[in-house]
Amino acid sequence: MDIKQYVTDKIKNALGSLGVAEPSVILERPKDTAHGDISCNAAMMYAKKLGRNPKDFAEAIIEQLALPDEYITKAAVAGPGFINLFISDKYYATKLAEINELKGNFGRLNENAGKSANLEWVSANPTGELHTGHGRQTALGKAIANLLEWTGYKVTREYYYNNAGKQMDNLAKSVYARYRQIFEPEYEFPEDGYAGDYVKEIAAILEKEHGDTLIDADDKIFREAGENWCFKSIRQTLHNFGITHDIFFNESSLYESGKITETLEEFKKRGLSYEKDGAVWLKTSELLKNKKDAADKVIVKATGEPTYRLPDMAYHIDKVKRGYDLIIDIFGADHGDTYKEVLAGMEGLGYDTSKIKVIIHQMVTFVQDGKPVKMSKRADNVYTLNDLIEDIGVDVTQFFFVMRSANTHLEFDIALAREQSDKNPVFYLQYAHARICSILRNAAEVFPEYTNAGSINYSLLSSPEAISLMKILTVFPETVASAAATFEPHKIITYLNEVAENYHRFYHNNRVIDADAKELSYARLKLCEAARIVLKNGFDIIGISAPERM
RNA sequence: GCGCCCAUAGCUCAAUCGGAUAGAGCGACAGCCUUCUAAGCUGUAGGUUUCAGGUUCGAUUCCUGAUGGGCGUACCA
């Protein structure tokens with residue numbers, strides 16, 4: 001039973017019989033409960049076309065609805081012509097039973113069942129550890145992948161990396177220099193080398209295993225040692241974060257399979273590229289939709305090496321060819337312009353880019369006591385993502401990065417995140433869950449036969465707090481749908497806050513376990529269970545844990 | 001200069017496809033624990049939604065312009 005569908009159909013019929021051809025009906029949840037459970041603006045939308053007064057027209061629509069019926073108790077016209085509908089408690093009781101039956105599946109949708117999605121994110125090259133700058137997209141991707149799965153997508157989590165090219169030579173040189181410095185402290189470190197302390201760790205491992213026998217060794221061993229160490233570190237951090245990628249896509253495989261040259265040849269054939277100053281240029285000034293100030297871009301340098309754009313295009317062509325129904329990339333705002341060139345290039349080659357969705361998140365500032373802080377435990381001034389997790393915990397890290405809309409700049413209040421108290425918004429939600437678990441444990445002792453209870457008298461849930469909680473719980477699937485439609489997991493958090501708030505209020509005003517009122521206790525316990533289910537399912541999407549005790 | 005993102009309470013942010021009296025948390029102030037977790041609850045104060053126009057039954061939301069901020073504007077990725 002889907003109440004929105006039910007109401008939509010009813011109003012459509014009413015409009016039809018009042019002379020509106022093919023009406024479209026938009027329903028909303030009013031912010032103010034005095035305005036009912038569902039409101040509709042159809043009267044205002046169509047009154048003008050029909051030359052009628054919106055309020056009168058609304059009355060006419062209501063008359064056609066033939067109320068009350070099983071699910072709608074009454075309707076009223078309000079304001080400039082809103083039709084406000086009041087839903088029966090019976091509907092909510094049915095819904096409550098449904099939540100308790102579906103449990104971990106309540107809120108899972110099938111709107112994208114049978115479809116596949118590919119989400120690519122993190123994608124740092126193996127030249128260092130993940131640092132806090134990677135945190136936002138790491139956390140966002142984790143939540144968005146979950147969100148997509150909840151709407152029915154089969155999700156492939158992908159990581160794109162490059163272990164070839166100049167940056168790896170640089171890493172090799174850096175590791176070598178640190179290794180050499182163990183024996184000759186005055187040996188010069190390359191100016192553009194990787195200054196992080198982790199390079200010293202890698203060098204120390206090599207020294208431990210090989211002593212000084214590598215002084216004249218080839219770059220290769222240093223490169224491999226560096227890459228292996230970095231990748232291990234990245235994977236470890238992701239593992240600590242609770243993230244598992246299905247595919248690690250290596251950029252160099254695009255060279256080996258000939259896809260880079262293929263793409264390049266195709267540009268030449270279509271006259272979309274030309275040579276100048278020894279380099280190959282792509283006519284991005286023509287391909288980009290916004291031609292203002294757009295310049296052509298180099299895709300193959302004079303040295304013969306492609307710039308990142310060419311493999312990026314080959315990579316996305318590969319993803320398109322793999323046949324996903326949805327392809328998502330997550331980038332920080334510092335990469336905000338480049339994807340347009342990549343998409344424009346692909347379109348120039350005739351590929352359909354409509355399935356590619358690029359999520360750009362704005363940058364993060366770490367703030368303490370109202371001032372921006374450089375977070376670092378070490379001399380090299382790098383605060384790794386792992387340091388952050390160890391400092392404030394995975395749940396808090398995940399929550400703070402996801403709790404705000406991605407397209408606004410994020411201030412990460414590190415002092416607040418460290419706070420193990422009521423000030424911390426994560427705990428507010430988790431506390432509600434723990435509180436319910438505690439009650440359920442107590443209930444098992446007071447009412448040992450509760451779990452086998454037969455029918456529950458839901459009509460006993462008549463207090464304002466209980467009804468309000470029931471109503472908010474039933475909206476969870478809609479919230480999942482709306483958060484997924486815009487790829488905005490923070491909407492789940494906003495919603496869960498409302499759930500927790502309603503639960504705490506219910507708890508405060510309604511004693512759940514009362515040995516002298518078994519029937520009422522059972523009904524309230526069912527409500528508690530439903531609230532726990534919704535909180536838990538929401539936590540699953542955001543990617544935080546649901547503690548049973550705090 | 002140009003492009004993208006942003007501007008809402010003292011602070012950090014929400015606000016359903018353009019909806020009704022713009023909401024939370026923190027901070028401030030005042031209350032509530034011999035009863036299921038006080039990491040909780042209740043109340044008070046706090047707003048010309050940066051500014052100026054436009055579109056319409058209705059604008060925080062859409063359009064134009066201004067101001068202020070972030071990011072980018074490489075033969076780096």
Side-chain angles (χ1 to χ4, degrees), chain A residues 26-32 34-35 39 41 44-45 47-48 53-54 78-82 84 123-125 127 162 165-167 251 276-281 288 290 292-295 297-309 311-312 332-338 340 360-363 365 367 370 403-413 416 419-432 434-443 446 478-479 482 486 490-491 493-494 497-498 500-501 503-505 507-514 521 524-525 528 549-550:
Chain A
I26 298 166
L27 301 180
E28 278 168 2
R29 303 264 172 198
K31 291 173 201 159
D32 187 342
H35 294 139
S39 85
N41 60 5
M44 290 179 285
M45 283 173 66
K48 204 179 178 186
N53 172 298
F82 287 101
N84 293 333
S123 298
N125 288 335
T127 56
N162 184 8
K166 220 161 80 179
Q167 81 273 5
E251 181 179 326
K276 192 181 92 183
D277 305 333
V280 181
W281 297 68
L288 284 168
N290 192 338
K292 238 186 194 177
D293 205 40
K297 303 281 180 172
V298 171
I299 49 173
V300 182
K301 299 182 229 173
T303 57
E305 292 171 310
T307 62
Y308 68 91
R309 294 183 189 92
D312 260 18
D334 51 342
H335 289 233
D337 281 342
T338 67
K340 285 183 205 149
I360 304 284
H361 68 78
Q362 299 303 308
M363 308 315 276
T365 316
V367 176
M403 73 177 166
R404 304 303 185 202
S405 158
N407 57 11
T408 69
H409 189 96
L410 176 66
E411 289 216 9
F412 197 118
D413 187 334
L416 181 62
E419 188 96 32
Q420 299 265 331
S421 77
D422 57 331
K423 289 179 190 167
N424 195 321
V426 189
F427 293 111
Y428 182 73
L429 298 184
Q430 293 186 324
Y431 181 70
R435 212 177 204 186
I436 297 172
C437 289
S438 169
I439 290 184
L440 294 174
R441 281 192 298 269
N442 294 340
V446 180
E478 284 170 38
T479 309
S482 116
T486 50
H490 80 273
K491 287 184 176 169
I493 292 182
T494 308
N497 253 311
E498 263 184 90
E501 193 184 326
Y503 181 77
H504 287 310
R505 199 176 298 140
Y507 171 89
H508 195 258
N509 292 298
N510 299 264
R511 168 122 202 139
V512 177
I513 299 171
D514 181 351
S521 296
R524 286 183 173 167
L525 281 166
C528 289
R549 293 170 204 271
M550 283 175 78

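Keep in mind the model is a prediction, meaning the values are calculated, not measured. Labels below follow one simple rule: chain letters A, B, ... track the order of the sequence lines, proteins then strands, and each chain is numbered from 1.
- At a cut-off of 3.5 Å, with distance as the only test, no side-chain donor of A:Thr127 or A:Asn125 sits close to an acceptor on the other residue.
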In sequence, state the C-alpha distance, the side-chain angles, and the governing distance for A:Ile513 and A:Ile439, and then conclude on side chain to side chain contact (heavy atoms under 4.5 Å, CB included).
-> CA-CA 8 Å; A:Ile513 299 171; A:Ile439 290 184; 4.0 Å; yes
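- Taking the P atom of each, B:C41 and B:C26 are spaced 9 Å apart, rounded to whole Å.
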Let me see the working for A:Asp312 and A:Glu251 under side chain to side chain contact (heavy atoms under 4.5 Å, CB included), right down to the final yes or no.
-> CA-CA 9 Å; A:Asp312 260 18; A:Glu251 181 179 326; 5.7 Å; no
So which protein N/O to nucleotides 55-59 of chain B N/O distances come out below 3.5 Å?
| residue | atom | partner | partner atom | Å |
| --- | --- | --- | --- | --- |
| B:C57 | OP1 | A:Lys48 | NZ | 2.4 |
| B:C57 | OP2 | A:Lys48 | NZ | 3.1 |

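- Counting heavy atoms from C-beta on, the side chains of A:Pro80 and A:Pro54 never come closer than 4.5 Å.
- A:Thr486 is listed as a side-chain neighbour of A:Lys491, based on a closest heavy-atom distance under 4.5 Å.
- In this model, no side-chain donor or acceptor of A:Asn41 finds a partner on the base of B:A20 within 3.5 Å.
- Side chain of A:Lys31, nearest nucleotide from B:G70, B:A15, B:A14: B:A15.
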Given A:Leu525 and A:Leu440, is the side chain to side chain contact (heavy atoms under 4.5 Å, CB included) satisfied, shown in steps?
-> CA-CA 7 Å; A:Leu525 281 166; A:Leu440 294 174; 4.0 Å; yes
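- Neither side chain, A:Arg404 nor A:His409, offers a donor N or O lying under 3.5 Å from an acceptor on the other.
- Taking 4.5 Å as the limit, every side-chain heavy atom of A:His35 sits out of range of all side-chain heavy atoms of A:Phe82.
- Using a 4.0 Å cut-off between charged side-chain N and carboxylate O, A:Lys166 and A:Glu305 make no salt bridge.
- Considering only the side chain of A:Asp32, B:U21 comes nearest among B:U21, B:U16, B:C75.
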Could you run down nucleotides 36-42 of chain B 5' to 3' and tag each one B, S or - for protein heavy-atom contact under 4.0 Å?
-> BBSBBSS
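- Distances were taken from every side-chain heavy atom of A:Met363 (C-beta onward) to each of B:C71, B:G19, B:A15; the shortest belongs to B:C71.
- Identified under the side chain to side chain donor-acceptor pair (under 3.5 Å) test for residues 422-431 of chain A, with sequence neighbours left out: A:Asp395-A:Gln430.
- Here the side chains of A:Tyr308 and A:Thr338 are in contact, with some heavy-atom distance below 4.5 Å.
- With B:A77, B:G19, B:G70 as the candidates, the nucleotide lying closest to the side chain of A:His409 is B:G70.
- Between A:Arg29 atom CZ and A:Thr479 atom OG1 the span is 8.5 Å, to the nearest 0.5 Å.
- Comparing the same atom, C1', in B:U8 and in B:A59 gives a spacing of 14 Å after rounding to whole Å.
- One P atom belongs to B:G53, the other to B:G43, and the distance between them is 39 Å to the nearest Å.
- Atom CG of A:Asn510 and atom CZ of A:Arg524 lie 4.0 Å apart (nearest 0.5 Å).
- For B:A15, one of the phosphate oxygens OP1 or OP2 lies less than 4.0 angstrom from a side-chain nitrogen or oxygen of A:His490.
- Base orientation of B:C33: syn, the glycosidic angle falling within 90° of 0.
- Closest approach to the A:Asn407 side chain among B:A77, B:C75, B:C6 is made by B:C6 (side chain taken as heavy atoms from C-beta onward).
- Comparing the C1' positions of B:C13 and B:A74 gives a spacing of 36 Å, expressed to the nearest Å.
- B:U56 sits 11 Å from B:C62 when the C1' atoms are compared, rounded to a whole Å.
- Comparing A:Ile360 and A:Asn125 by the nucleotide of RNA chain B that holds the closest heavy atom to each, the one mapping nearer the 5' end is A:Ile360.
- Looking at heavy-atom distances under 4.0 Å, A:Thr365 makes no contact with the nucleic acid at all.
- For A:Glu501, the side chain to side chain donor-acceptor pair (under 3.5 Å) partners at least two apart in sequence or on another chain are A:Arg505.
- With both ends at atom P, the span from B:U55 to B:C63 equals 16 Å, rounded to whole Å.
- A:Ser405 comes within 4.0 angstrom of the backbone, heavy atoms only, and of no base.
- As rounded to the nearest Å, B:G40 and B:G47 have P atoms that lie 26 Å from one another.
- Counting only heavy atoms from C-beta on, A:Glu411 has its side chain closest to B:U12 among B:U12, B:A77, B:C4.
- Close to B:C76, at under 4.0 Å from its OP1 or OP2, lies a side-chain N or O of A:Lys301.
- Separating the P atom of B:A14 from that of B:A30 is a span of 31 Å, rounded to the nearest Å.
- For A:Arg404, the listed nucleotide lying nearest its side chain is B:A14; candidates were B:A20, B:C75, B:A14.
- The shortest distance between side-chain heavy atoms of A:Tyr503 and A:Cys528 falls below 4.5 Å.
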What protein N or O atoms touch nucleotides 61-63 of chain B N or O atoms at under 3.5 angstrom, if any, and at what distances?
none

Canonical and wobble pairing (Watson-Crick, G-U, under 3.5 Å) of RNA chain B, dot-bracket with | = (((((((..((((.....[...)))).(((((.......))))).....(((((..]....))))))))))))....
